[in-house]
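A, B, ... follow the sequence lines: proteins, then strands. Residue 1 opens every chain.
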Amino acid sequence: MPELPEVEVVRAGLQPAVTGAIVAGVEIFDERSLRRHQPAAGSFTDQLSGRRILAAVRRGKFLWLPLDSGRAVVIHLGMSGQVLLRTPGATTDHLLRIRLSLEHPTHGELWVNFVDQRVFGSMAVDAMAPTADGLPGGYSGTVEEDAPWRDHIPTQVAHIARDPIDPSFSASAFFALLARKNTGIKRALLDQNLISGIGNIYADETLFAARIHYEQPASSLSHAQATTLLAAVRTILQRALAEGGTSFDAQYVNVNGQSGYFARSLEAYGRHGTPCSRCGTLIVRERFMNRGSHFCPQCQRLR
DNA sequence: CAGTTAACCTGTCAGC
DNA sequence: TGCTGACAGGTTAACT
C-alpha cells in the first residue's frame with residue numbers, strides 16, 4: 001500500500017500489536033525481500049531474533065520498528081507490499097515473503113506477515129543515526145518524549161524529506177526548494193527528497209484540487225499557488241487517511257486485510273473519460289514517467 | 001551538477 | 001480457452 005495514507009494505516013494498525021513484543025521467530029520465504037538489508041552487521045534473522053520492538057514509526061512511505069538493540073526494522077511496501085497480522089497457525093497468505101513470530105507480554109503470540117506481489121518492497125534491519133535537525137525522526141503516535149529512538153532515523157531513510165503532515169515539516173524550506181527546481185511540478189511532488197509521502201494518486205489529486213498542470217515548471221509557481229498546493233496536499237492526505245486510504249482492489253489493505261474508502265472520493269486519478277466535477281470537461285490521461293497522469297485540460301492549463 | 005530514464009518484479013485484465 | 005500486451009499505488013542506479 002504505497003502512499004502516505006495507506007502506509008500510516010499500516011503503522012497505526014501495527015503500533016498496538018507490536019510495541020513491547022519480543023521477536024521469537026523469523027522465517028524468510030523469499031530472499032529478494034531482503035534486498036535492502038546490509039548483512040555486514042549481521043544477518044536479518046540474527047539482528048532480529050530475541051529483540052524487543054519499542055514502537056512503530058513512519059516518515060513518508062517508510063515505516064520502521066525501533067528495537068532494544070538500538071537498530072530498527074525498516075519496512076517499505078514498494079508497489080504491492082502488505083503487512084498482515086495473523087493468529088499463529090493461520091493458513092499461509094499467498095505471496096508471503098517474510099514472517100515474524102512475536103511474543104507480546106499481554107497479547108500473546110502473533111504473526112506479522114510481509115506479503116508482496118511484485119517484490120519492490122523490502123524489510124531490513126538498519127542502524128539508527130541522530131536526525132540532522134535534532135527533531136523526531138518520524139510519526140509514532142503518542143509516545144513518551146524521552147525515548148532514545150525518537151530523534152533518530154534509520155540510515156537508509158535519512159535522505160527522505162519530512163512529509164507534509166509532520167509537525168516539523170518546513171513549508172518555507174519546501175517553497176524554496178520548489179523555486180529552484182527546473183522540472184515539472186508533478187516530478188517535484190513525487191521527489192521524496194523534497195517532500196515525502198506523495199505518489200501518483202495523490203500527486204494527481206492535489207494538482208487537480210490546486211488547478212495546476214502537472215508539467216508546469218516547479219520554479220514558475222507563484223507563492224500563492226505553492227501555498228494553495230501545499231494546503232491541498234495536506235487536506236487530501238488527511239481526508240484519505242480518515243477514510244482508511246485508497247483501495248481499488250484487495251491489494252491495498254490494512255493490517256487486518258480490510259480496504260479503505262478513499263477511492264470513491266478521487267476526482268482525477270483513474271477518472272479519464274469522465275466529466276470534471278467542476279467544469280464538465282472530460283478528464284484526460286497522459287503518459288508521464290512511465291505511468292499515467294490524470295488531469296482536467298480546462299481547469300489545469302499549462303501557462 | 002541536475003534532470004531523466006531504465007531496471008527491478010508478478011499478477012490481472014482487455015482484446016484477439 | 002489460450003495467448004499477448006498494457007498496466008499497476010515506488011525507488012534507485014545509471015544514464016544524458
Trainee: Mind checking A:R291 for me? I need base, sugar-phosphate or nothing, with any heavy atom below 4.0 Å counting as a touch.
Mentor: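 Base contact.
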Trainee: Using the P atom as the reference point in each nucleotide, state the distance between C:dA14 and B:dC9 in Å, no decimals.
Mentor: 15 Å
Trainee: Between A:H94 and A:M289, which residue's closest nucleotide on DNA chain B lies nearer the 5′ terminus?
Mentor: A:M289
Trainee: Within this structure, what is the CG-to-P distance between A:N290 and C:dG5, rounded to whole angstrom?
Mentor: 17 Å
Trainee: Measure from the side-chain heavy atoms of A:N182 and tell me the nearest of B:dG3, B:dG11, C:dT11.
Mentor: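 Comparing B:dG3, B:dG11, C:dT11 against the side chain of A:N182, the answer is B:dG3.
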Trainee: Of the nucleotides C:dT11, B:dG3, C:dG10, which one has an atom closest to the side chain of A:T183?
Mentor: B:dG3
Trainee: In whole angstroms, how far is the P atom of B:dC9 from the CZ atom of A:R36?
Mentor: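 Nearest whole value for this atom pair: 15 Å.
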Trainee: How is A:F248 classified with respect to the nucleic acid when contacts are heavy atoms under 4.0 Å: base, sugar-phosphate, or nothing?
Mentor: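 Base, at least one base heavy atom under 4.0 Å.
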Trainee: Does NZ or CZ of A:R86 lie under 6.0 Å from the centre of the six-membered ring of A:W111, at an angle within 45° of the ring axis?
Mentor: no
Trainee: What is the nucleic acid contact for A:L190, judged by heavy atoms within less than 4.0 Å: base, sugar-phosphate only, or nothing?
Mentor: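 Nothing, no nucleic acid heavy atom in range.
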Trainee: Can you measure A:R287 atom CZ to C:dG5 atom C1' for me and round it to whole angstrom units?
Mentor: 12 Å
Trainee: When you check the phosphate oxygens OP1 and OP2 of C:dT12, does a side-chain N or O of A:H159 lie under 4.0 Å from one of them?
Mentor: yes
Trainee: How long is the line joining CZ of A:R118 and C1' of B:dC8, in whole Å?
Mentor: 9 Å
Trainee: Expressed in angstrom and rounded to an integer, what is the separation of A:M79 atom CE from B:dC9 atom C1'?
Mentor: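 Atom-to-atom, A:M79 to B:dC9, this comes out as 10 Å.
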Trainee: What is the separation between atom CZ on A:F114 and atom C1' on B:dC9, rounded to the nearest whole Å?
Mentor: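 A:F114 atom CZ is separated from B:dC9 atom C1' by 13 Å.
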Trainee: Does OP1 or OP2 of C:dA8 have a side-chain N or O of A:R285 closer than 4.0 Å?
Mentor: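 The answer is yes; a side-chain N or O of A:R285 sits under 4.0 Å from OP1 or OP2.
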Trainee: Parallel, tilted or perpendicular: which fits the ring planes of A:F262 and A:Y202, with parallel below 30° and perpendicular above 60°?
Mentor: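 A:F262 vs A:Y202 ring planes: tilted.
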Trainee: Please state how far atom OH in A:Y252 lies from atom P in C:dA8, giving the value in whole angstrom units.
Mentor: 11 Å
Trainee: Could A:R32 and A:F120 be counted as a cation-pi pair, given that NZ or CZ must be under 6.0 Å from the ring centre and within 45° of the axis?
Mentor: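 So A:R32 doesn't make the cation-pi contact.
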Trainee: Side-chain N or O of A:H76 less than 4.0 angstrom from OP1 or OP2 on C:dT11?
Mentor: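 Indeed, a polar side-chain atom of A:H76 lies that close.
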